[in-house]
Novice: 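Can you keep this structure in mind? I'll have questions shortly.
What you see is a predicted model; the values in this text were computed from it and never measured. Just so it is clear: chains get the letters A, B, ... in the order the sequence lines come, proteins before strands, and each one is counted from 1. Just so it is clear, the values below take in all heavy atoms, side chains as well, and ignore hydrogens, waters and symmetry mates.
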Protein chains: 2
Amino acid sequence: MQDVSEKKASGSGLRERKKRATRAALTEAAVRLAAEHGAEHVTVEAISEAAGVSPRTFFNYFDSRDDAFVMVDAESGARVRRGVLEAPADLSPLEALREAMAAELAEIEQRHEVWDLHARVLSASPRLLARSLAAHLADELGLAEALAQRLGGPAATAAGSAPSTTEKERRRALDLYPRLLAAVGGTAVRVAVEHWCARQDRIAFTDVFRQVFEHLAAGLPAPSGESRRP
Amino acid sequence: MQDVSEKKASGSGLRERKKRATRAALTEAAVRLAAEHGAEHVTVEAISEAAGVSPRTFFNYFDSRDDAFVMVDAESGARVRRGVLEAPADLSPLEALREAMAAELAEIEQRHEVWDLHARVLSASPRLLARSLAAHLADELGLAEALAQRLGGPAATAAGSAPSTTEKERRRALDLYPRLLAAVGGTAVRVAVEHWCARQDRIAFTDVFRQVFEHLAAGLPAPSGESRRP
DNA sequence: AGGCAAAAATGCACGCTCTGTAAAAATTTA
DNA sequence: TAAATTTTTACAGAGCGTGCATTTTTGCCT
């Protein structure tokens, strides 16, 4: 079932290379123009002209104009998923998710030239920021499946086939928990980023990130000095 | 500074009543048409005609066509905020948020004729669902402020003016925590609703809702039978 | 009542987004 | 080089969203 001809491997064909180049040219032109003139003053015609293609071609690559500003990194979700699956086995699910997301954020930090522009464009337009959230939401289901695989795999081999409670209840819990964990993890990253961007003083993002996950692991108790009610 | 004339109270004027009636007619027409023909096949012209106004008037009430499907209840956020502030003082922040959101969900459940249609429209269109999320996101900041007020008010009066740690650190924690709590709370509700809608068997929504908040309060540990790592 | 000012609804015009469709150009394969 | 496949392009058209001037409705005053 493997490819007999080496030419069809990913990225070797001239056709595929041109397609990726066109897509990259479109996204870069879009982000660059948006950073300069504001996102809502950048038309599809302007983006296409800057990228050297026709306006109709734009819509062969993106379903909507806004996608050119949002779809900057399509493989981020897959990397986090792999990070969750490859995390050390002695980590709790929340810890594994934290480590995978921290690694991905460090990955992004490396090319902060493009990402800084992108962040500025998003923060200047609430509509695009919402759309970016929606894009991350699409990855949530896949992330939940990865977490479920990490949970279900070892648990099934260790516990065998003798559940103490009802089978349906266990499956319900197993179904709900990974989705909650994936959603809360994404929210945690968002809050950390927003809080870090809002502060003018230069605190390390790593500190905010760690603090957020400490709150979550502790069960979100009141952060005051003494705890009258544990 | 109080109103001398009673006529300017909220909702008493004929003008305000008519405006609300028009808005209600537009939203109801939009949701009803979308439930029947699919949201993307419902034009602004059709909605306006069903509501008995001109297409231009539609855009005097909504900034975009999608808002007619999303902006069903604009005061929901305010009710949750009040619920947080009026919750019993012996409840933890997470418990207060849970109670306020549970009360709001119970409120919504009362008119589940409209809300059921609305849910069906959203679940049939990922784009509208994302927009709905964005709408809830706008309330998040206000909710965070309400939570901060609930935390900061009593704490300031009880602790006086002698903080044990650095002042900046306390303010940072106090700033980050309410925003995280508000965001996670919204996410929790979303996951509970999605999980409840996805299941074909009729389990009580209250059970799912309570289960989600139990996960959060416990610090999101692995839900398996025995705990090898607390 | 009747008239006056503010607010809302409407009609019209215009630019932009997005989608078919079919023809032309480029790339791969034979 | 010629055929086959894919991509790009031009054209047409429906729908969205906005600005502006006009008309109708509402609230308030004498």
Side-chain angles (χ1 to χ4, degrees), chain A residues 3-27 29-30 33-34 37-71 125-128 130-131, chain B residues 3-27 29-30 33-34 37-71 125-128 130-131:
Chain A
D3 273 347
V4 184
S5 64
E6 304 161 90
K7 298 177 183 179
K8 288 207 172 180
S10 73
S12 56
L14 191 150
R15 202 167 243 161
E16 298 295 328
R17 228 183 311 149
K18 266 204 165 185
K19 272 180 74 173
R20 268 196 304 222
T22 306
R23 174 177 269 270
L26 282 170
T27 56
L33 287 173
H37 305 108
E40 49 265 19
H41 297 143
V42 178
T43 67
V44 172
E45 190 179 349
I47 300 171
S48 311
E49 182 171 340
V53 295
S54 83
R56 185 62 182 86
T57 300
F58 177 93
F59 290 104
N60 287 5
Y61 283 87
F62 300 100
D63 284 343
S64 79
R65 161 178 153 273
D66 295 348
D67 283 0
F69 305 120
V70 169
M71 299 278 196
S125 166
R127 181 164 125 276
L128 288 184
R131 208 178 171 89
Chain B
D3 273 347
V4 185
S5 64
E6 305 160 89
K7 298 177 182 179
K8 287 206 172 182
S10 71
S12 58
L14 191 149
R15 199 169 238 160
E16 298 296 327
R17 228 184 310 150
K18 265 206 164 184
K19 273 180 74 173
R20 268 195 306 219
T22 308
R23 175 177 269 270
L26 282 171
T27 55
L33 287 173
H37 305 107
E40 47 263 23
H41 296 145
V42 177
T43 67
V44 171
E45 190 181 349
I47 300 172
S48 310
E49 181 172 341
V53 295
S54 84
R56 186 62 183 84
T57 299
F58 177 93
F59 290 104
N60 286 7
Y61 283 88
F62 300 100
D63 284 342
S64 79
R65 161 179 152 274
D66 295 348
D67 283 359
F69 305 120
V70 170
M71 300 277 197
S125 166
R127 180 164 126 275
L128 288 184
R131 208 175 172 92

Novice: Name the residue closer to the 5' end of DNA chain C, choosing between B:Arg15 and B:Gly52 according to the nucleotide with the nearest heavy atom.
Specialist: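 Its nucleotide being nearer the 5' end, the pick is B:Arg15.
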Novice: Would you say the side-chain atoms of B:Ser64 and B:Arg131 include a donor-acceptor pair closer than 3.5 Å?
Specialist: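 Indeed, the side chains of B:Ser64 and B:Arg131 share at least one donor-acceptor pair under 3.5 Å.
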Novice: Counting only heavy atoms not in B:Glu40, do more than 12 fall under 6.0 Å of its CD?
Specialist: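 Yes - once you tally the heavy atoms of other residues, nucleotides and ligands closer than 6.0 Å, there are more than 12.
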Novice: For the side chain of A:Phe59, counting heavy atoms from C-beta on, which of C:dT17, C:dA8, D:dC16 is nearest?
Specialist: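 Selected nucleotide: C:dT17.
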Novice: Per the atom types in the model, does the base of C:dG20 pair as donor or acceptor with the side chain of A:Arg56 at under 3.5 Å?
Specialist: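 When only heavy-atom distances are counted, A:Arg56 does reach the base of C:dG20 through a donor-acceptor pair under 3.5 Å.
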Novice: Give a yes/no on whether any side-chain N or O of B:Ser54 is located under 4.0 angstrom from OP1 or OP2 of C:dA9.
Specialist: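 Looking at the OP1 and OP2 atoms of C:dA9, neither is under 4.0 Å from any side-chain N or O of B:Ser54.
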Novice: Is B:Arg23 reaching over with its side chain to a backbone N or O of B:Tyr61, donor-acceptor style, under 3.5 angstrom?
Specialist: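 Side chain of B:Arg23 to backbone of B:Tyr61, a donor-acceptor pair under 3.5 Å: yes, one is there.
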Novice: Rounding to a whole Å, what distance do you find between A:Leu26:CG and D:dT7:P?
Specialist: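 That distance rounds to 15 Å.
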Novice: Verify the contact: side-chain N or O of B:Lys18 to OP1 or OP2 of C:dA8, cut-off strictly under 4.0 Å; return yes or no.
Specialist: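 Result: no.
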Novice: Give the nucleotide from the list D:dC16, C:dA8, C:dT10 with an atom nearest to the side chain of B:Asn60.
Specialist: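 Out of D:dC16, C:dA8, C:dT10, the nucleotide with an atom closest to B:Asn60's side chain is C:dT10.
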Novice: For the pair A:Arg127 (side chain) and A:Asp66 (backbone), establish whether a donor and an acceptor sit closer than 3.5 Å, ignoring hydrogens and angles.
Specialist: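 Not a single qualifying donor-acceptor pair exists.
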Novice: For C:dA8, does OP1 or OP2 lie under 4.0 Å from any side-chain N or O of B:Tyr61?
Specialist: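 Indeed not, no polar side-chain atom of B:Tyr61 lies that close.
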Novice: Which of the following nucleotides, D:dC16, D:dT8, D:dT7, is nearest to the side chain of A:Thr22?
Specialist: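 Of D:dC16, D:dT8, D:dT7, D:dT8 is nearest to the side chain of A:Thr22.
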